[in-house]
A.B. asks: 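Below: one structure in structure tokens.
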Amino acid sequence: MRADSPEFLTATQASYDAIAEAYAAGFPDSLAGRPLERALLTAFVDLVRAPGASARPPVADIGSGPGYVAARLHGLGLPVFGVDVSPRMVALARRAHPELRFHVGSMTALDLPDETLGGIVALYSIIHVPDDHLPTVFAEFHRVLLPGAPVLLGFQSGDEDGHLRLTERFGSPISLDYYWRTPDTVATALTKAGLRIHARVLREPEGEEKHPRAFLLAHRPGPAGG
Ligand SMILES: C[S@@+](CC[C@H](N)C(=O)[O-])C[C@H]1O[C@@H](n2cnc3c(N)ncnc32)[C@H](O)[C@@H]1O
């Protein structure tokens, strides 16, 4: 983490470093009981594989946590790597999925060249980005995506935007901000960054979940996606 990193990023990193083991043990593969999320990932894979595309540029799982989303994309045949702000999470993901690459990095300043990714998946990671930094994140997504390449976002949602700060989780002291947002709020920010909305999905809370889950599929306009 750079010395001049914003405070929210250092707090997010330190918080996930503190709870990484417990989080990975508590959510070894949240996709297992979530057919809708799995279907959306399959749709994402089909969108990445644009008709006629012969090159296979990699896709990134951003905010990859324990790495099971990247592993699923790999299992569906995509070249994929993970990026996460927490070095501890990255270490756990590497240990669980030694066949895949995981890097420490932040979605606010991706260490990737322009127009190199075939797609981005970011499930439940923009929830830790404050509103005033969301335009930077989506500008980064636009910059690194190839024209036509898709992005799949998942996030906690509701009738209005909201925020809370957790100071304890899994018995560890943390300082972690959570933002929930309406699909419209996030779709507007994506559109302002130059990305085009393709689909919005909202599912009701299940089990212990307190908020509905929103999923947005968008793409960088260009030859493959139009
Ligand atoms: C709630 S977990 C979700 C993990 C995984 N995507 C999943 O669906 O289970 C959020 C993850 O995003 C990471 N994260 C939060 N802010 C980030 C940022 N600015 N850049 C990269 N990763 C970030 C955290 O370290 C954490 O591993």
Side-chain angles (χ1 to χ4, degrees), residues 1-2 5-34 36-38 40-41 44 59-74 80-97 100 102-112 117 119-141 144 151-157 163-166 169-170 172 174-181 203 206 208-211 213-215:
M1 184 65 56
R2 291 166 41 156
S5 292
E7 199 184 324
F8 82 89
L9 263 189
T10 48
T12 302
Q13 181 200 58
S15 297
Y16 271 101
D17 277 350
I19 63 171
E21 270 83 4
Y23 184 98
F27 303 102
D29 182 358
S30 297
L31 293 170
R34 301 217 168 118
L36 182 69
E37 280 83 336
R38 293 203 304 275
L40 287 166
L41 285 172
F44 170 82
V59 305
D61 173 13
I62 298 187
S64 44
Y68 56 80
V69 176
R72 180 150 199 101
L73 294 171
H74 175 69
V80 58
F81 64 92
V83 176
D84 200 284
V85 76
S86 156
R88 195 67 210 131
M89 275 295 198
V90 165
L92 292 176
R94 285 177 181 154
R95 198 167 73 198
H97 307 286
L100 298 180
F102 294 91
H103 309 292
V104 177
S106 174
M107 66 179 88
T108 50
L110 291 168
D111 189 14
L112 294 168
L117 292 185
I120 289 174
V121 170
L123 296 189
Y124 310 116
S125 48
I126 65 161
I127 61 171
H128 300 302
V129 176
D131 294 343
D132 53 340
H133 289 266
L134 213 49
T136 304
V137 168
F138 292 159
E140 278 295 86
F141 286 6
V144 299
V151 51
L152 173 63
L153 297 181
F155 51 94
Q156 281 86 343
S157 194
H163 163 248
L164 68 78
R165 175 168 297 169
L166 277 194
R169 204 169 174 212
F170 301 114
S172 295
I174 57 170
S175 176
L176 188 56
D177 287 317
Y178 289 76
Y179 298 87
W180 57 96
R181 300 180 169 106
R203 86 155 163 76
E206 291 173 1
E208 308 278 290
E209 294 172 352
K210 292 190 177 64
H211 294 273
R213 296 310 201 237
F215 303 92

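Nothing here was measured: the structure is a model prediction, and the numbers come from that model. Counting starts at 1 for both ligands and their atoms, following the listed order. The analysis underlying the following values was restricted to heavy atoms, covering all of them including side chains, and did not include hydrogens, waters or symmetry mates.
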A.B. asks: Under a 4.0 Å N-O cut-off, is there an ion pair linking Glu37 with Arg72?
C.D. replies: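 Here Glu37 does not pair with Arg72 in a salt bridge, since their nearest N and O are not under 4.0 Å apart.
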A.B. asks: Going from CZ on Arg203 to OG on Ser157, what distance comes out if it is rounded to the nearest 0.5 angstrom?
C.D. replies: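 Rounded to the nearest 0.5 Å, the CZ-OG separation comes out at 11.5 Å.
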A.B. asks: Tell me the protein heavy atom at minimum distance from atom 16 (N) of ligand 1, and give that distance in Å.
C.D. replies: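 Result for atom 16 (N) of ligand 1: Thr12 CG2, 3.6 Å.
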A.B. asks: Taking the minimum heavy-atom distance to atom 17 (C) of ligand 1, which of Leu123, Val85, Thr136 ranks first?
C.D. replies: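 The residue whose heavy atom sits nearest atom 17 (C) of ligand 1 is Val85.
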A.B. asks: Atom CG in Leu164, atom CH2 in Trp180: separation rounded to 0.5 Å?
C.D. replies: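 Reported to 0.5 Å precision, the distance equals 4.5 Å.
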A.B. asks: Sequence neighbours left out, what pairs pass side-chain hydrogen bond (donor to acceptor under 3.5 Å, both in side chains) with at least one residue falling in residues 83-93?
C.D. replies: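 For residues 83-93, and leaving out neighbouring residues, the side-chain hydrogen bond (donor to acceptor under 3.5 Å, both in side chains) pairs sorted by first residue read Asp17-Ser86, Glu21-Arg88.
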A.B. asks: If we set the cut-off at 4.0 Å for heavy atoms, which region of Met107 has an atom near ligand 1: side chain, backbone, both, or neither?
C.D. replies: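 Both backbone and side chain.
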A.B. asks: Suppose we measure from atom 25 (O) of ligand 1 to each protein heavy atom; which comes out shortest, and what is that distance?
C.D. replies: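 Result: Asp84 OD1, 2.6 Å.
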A.B. asks: Find the distance between CD1 (Ile19) and CG (Leu176) and round it off to the nearest 0.5 Å.
C.D. replies: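 Separation between the atoms: 6.0 Å.
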A.B. asks: Does Arg213 make a cation-pi contact with Tyr124 (under 6.0 Å, within 45 degrees of the axis)?
C.D. replies: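 Yes; both conditions hold, so Arg213 lies above the ring face of Tyr124.
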A.B. asks: Tell me the contacting part of Tyr16 for ligand 1: side chain, backbone, both, or neither, using a 4.0 Å heavy-atom threshold, strictly below.
C.D. replies: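 Only the side chain of Tyr16 comes within reach of ligand 1.
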A.B. asks: Looking only at protein heavy atoms, identify the closest one to atom 3 (C) of ligand 1 and say how far it is in Å.
C.D. replies: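 The closest heavy atom on the protein side is Tyr23 OH, 3.4 Å.
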A.B. asks: What do we get for Tyr68 next to ligand 1 when only non-hydrogen atoms under 4.0 Å count, side chain, backbone, both or neither?
C.D. replies: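 Side chain only; the backbone of Tyr68 stays clear of ligand 1.
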A.B. asks: Can you say whether the rings of Phe170 and Phe27 are parallel (under 30°), tilted (30 to 60°) or perpendicular (over 60°)?
C.D. replies: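 Rings of Phe170 and Phe27: perpendicular, as their planes differ by over 60°.
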A.B. asks: For atom 19 (N) of ligand 1, what's the nearest protein heavy-atom neighbour? Residue, atom name and distance, please.
C.D. replies: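 That would be Ser106 OG, 3.2 Å.
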A.B. asks: Quick one: pull up CZ in Arg34 and CG in Leu40 and give me the separation to the nearest 0.5 Å.
C.D. replies: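 If we round to the nearest 0.5 Å, Arg34:CZ and Leu40:CG are 12.0 Å apart.
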A.B. asks: For atom 21 (C) of ligand 1, which of Gly105, Ser125, Ser5 has the closest heavy atom?
C.D. replies: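 Nearest heavy atom to atom 21 (C) of ligand 1 lies in Gly105.
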A.B. asks: Residue-level breakdown please: for Ile62 versus ligand 1, do any non-hydrogen atoms fall below 4.0 Å on the side chain, on the backbone, on both, or on neither?
C.D. replies: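 The answer is neither; Ile62 stays 4.0 Å or more away.
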A.B. asks: Measuring from atom 6 (N) of ligand 1, which candidate in Gly63, Gly65, Ala93, Gly154 has the nearest non-hydrogen atom?
C.D. replies: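 Shortest heavy-atom distance from atom 6 (N) of ligand 1: Gly63.
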A.B. asks: Below 3.5 angstrom, do we get any N/O pair linking Tyr124 and ligand 1?
C.D. replies: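 No; every N/O pair is 3.5 Å or more apart.
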A.B. asks: Parallel, tilted or perpendicular: which one describes the rings of Tyr16 and His128, with boundaries at 30° and 60°?
C.D. replies: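 Rings of Tyr16 and His128: perpendicular, over 60°.
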A.B. asks: Would you say Leu9 contacts ligand 1, with heavy atoms under 4.0 Å as the rule?
C.D. replies: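 It does, in that a heavy atom of Leu9 comes within the 4.0 Å cut-off of ligand 1.
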